[in-house]
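Computation of the quantities below employed the complete heavy-atom set of this structure, encompassing side-chain atoms and omitting hydrogens, waters and symmetry-equivalent molecules. Remember, predicted model here, so these are calculated numbers, not experimental data. For ligands, and for the atoms within them, numbers begin at 1 and follow the listed sequence.
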Amino acid sequence: MTDISPAVRDKLIVALDLPSVADAARMVDALGDAVTFYKVGMELTYAGGLPFVEELTRAGKKVFLDLKLHDIPNTVARATEQVAGLGATFLTIHAYPQTMRAAAEAARGSGLKLLAVTVMTSYDDADLAAAGYALGVKDLVARRAAQAREAGVDGLILSPEEVAAMRALLGPGMLLVTPGVRPAGAAVGDQKRVMTPARAIREGADHLVVGRPVTQAPDPRAAAQAIVAEIAGA
Ligand code: C5P
């Protein structure tokens, strides 16, 4: 494992989808130097996770704060500044032009990078129509991806299946980050469309978000090391 560069190791982001800070801290301890990048979502954030985010960044770990901001521009800008102050590396926002412009302006000059969520993967065309949208999922994803780039957002969260098409559409400048990654043989759980780490990287993903295949593994550290080795091999 020692010959793997930090840039390659950073491609694996482990989702700390755990109910308490104590559980998350135990997991981070168990993973040790095998994992350098963590995703903290709403569950852990609302369970007192923000001081833990600062602990992680002080310990030299990178943090993806998955808060999916969407509000009026002033509120989004102020929240973005607060997140930048925590030392987080990535923050998610919903891909509405106002929201993206406000967040991009607020994040400028900080180390914080913004990732836009185009259309939630739980939505299909019928859900969008019911919510009043004229476009289907595919067209709305493409439109919002282009708007994200125009707004100065750094990257997108995508399902693995969308990565290749988005890479072709957007070129190399945008970060593409994908959940729904499963090593061959791992339990798929509730994920419907999954891809192996090697394939997702070859399709053009910059970072992979992996939760249960690491955190629920009998040996989480070994599971993370195997994924990093697969990424390095890709
Ligand atoms: O455990 P698992 O590897 O499925 O976790 C994937 C992570 O990515 C979870 O934190 C989940 O909420 C997130 N995610 C996802 N699919 C999306 C968006 C986010 O699995 N479309």
Exercise. Hey, is Ser122 touching ligand 1 through its side chain, its backbone, both or neither, going by heavy atoms under 4.0 Å?
Worked result: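 Neither; no heavy atom under 4.0 Å.
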Exercise. Which bit of Gln191 is near ligand 1, meaning a heavy atom under 4.0 Å away: side chain, backbone, both or neither?
Worked result: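 Within the 4.0 Å criterion, Gln191 contacts ligand 1 through side-chain atoms alone.
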Under a 3.5 Å distance rule, please check whether [X] uses its side chain to pair with a backbone N or O of [Y] as donor and acceptor.
| X | Y | answer |
| --- | --- | --- |
| Arg9 | Phe37 | no |
| Asp206 | Leu176 | yes |
| Arg167 | Gly204 | yes |
| Thr178 | Leu158 | yes |
| Glu230 | Ala198 | yes |
| Thr196 | Pro183 | no |

Problem set entry | Any residue meeting ring-ring contact (aromatic ring centres under 6.0 Å, His included) with Phe52, in chain and number order, not counting sequence neighbours |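 Here no residue qualifies.
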Which ligand 1 atoms does [X] reach within 4.0 Å, using its non-hydrogen atoms?
| X | value |
| --- | --- |
| Arg212 | 1 (O), 2 (P), 3 (O), 4 (O) |
| Ala15 | 10 (O) |
| Val210 | 3 (O) |
| Pro213 | 3 (O) |

Exercise. Do Arg101's NZ or CZ and the ring of Tyr96 fall within the cation-pi criteria of under 6.0 Å and 45°?
Worked result: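 Cation-pi check for Arg101 and Tyr96: fails.
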For [atom], find the nearest protein heavy atom and state the residue, atom name and distance (0.1 Å precision).
| atom | answer |
| --- | --- |
| atom 16 (N) of ligand 1 | Pro179 CG, 3.5 Å |
| atom 9 (C) of ligand 1 | Asp17 OD2, 3.2 Å |
| atom 7 (C) of ligand 1 | Val209 CG1, 3.9 Å |
| atom 2 (P) of ligand 1 | Arg182 NH2, 3.4 Å |

For this session: Take every heavy atom of Ser159, measure it against each atom of ligand 1, and state whether any distance is under 4.0 Å.
Result: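 No; Ser159 lies far enough from ligand 1 that no heavy-atom distance drops under 4.0 Å.
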For the 3.5 Å polar cut-off, considering only N or O atoms, please tell me whether [X] and ligand 1 meet it.
| X | value |
| --- | --- |
| Thr121 | yes |
| Lys39 | yes |
| Gly211 | yes |

Problem set entry | Side-chain heavy atoms of Arg221 within contact of Asp33, under 4.5 Å |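 Heavy-atom side-chain distance check passes, below 4.5 Å.
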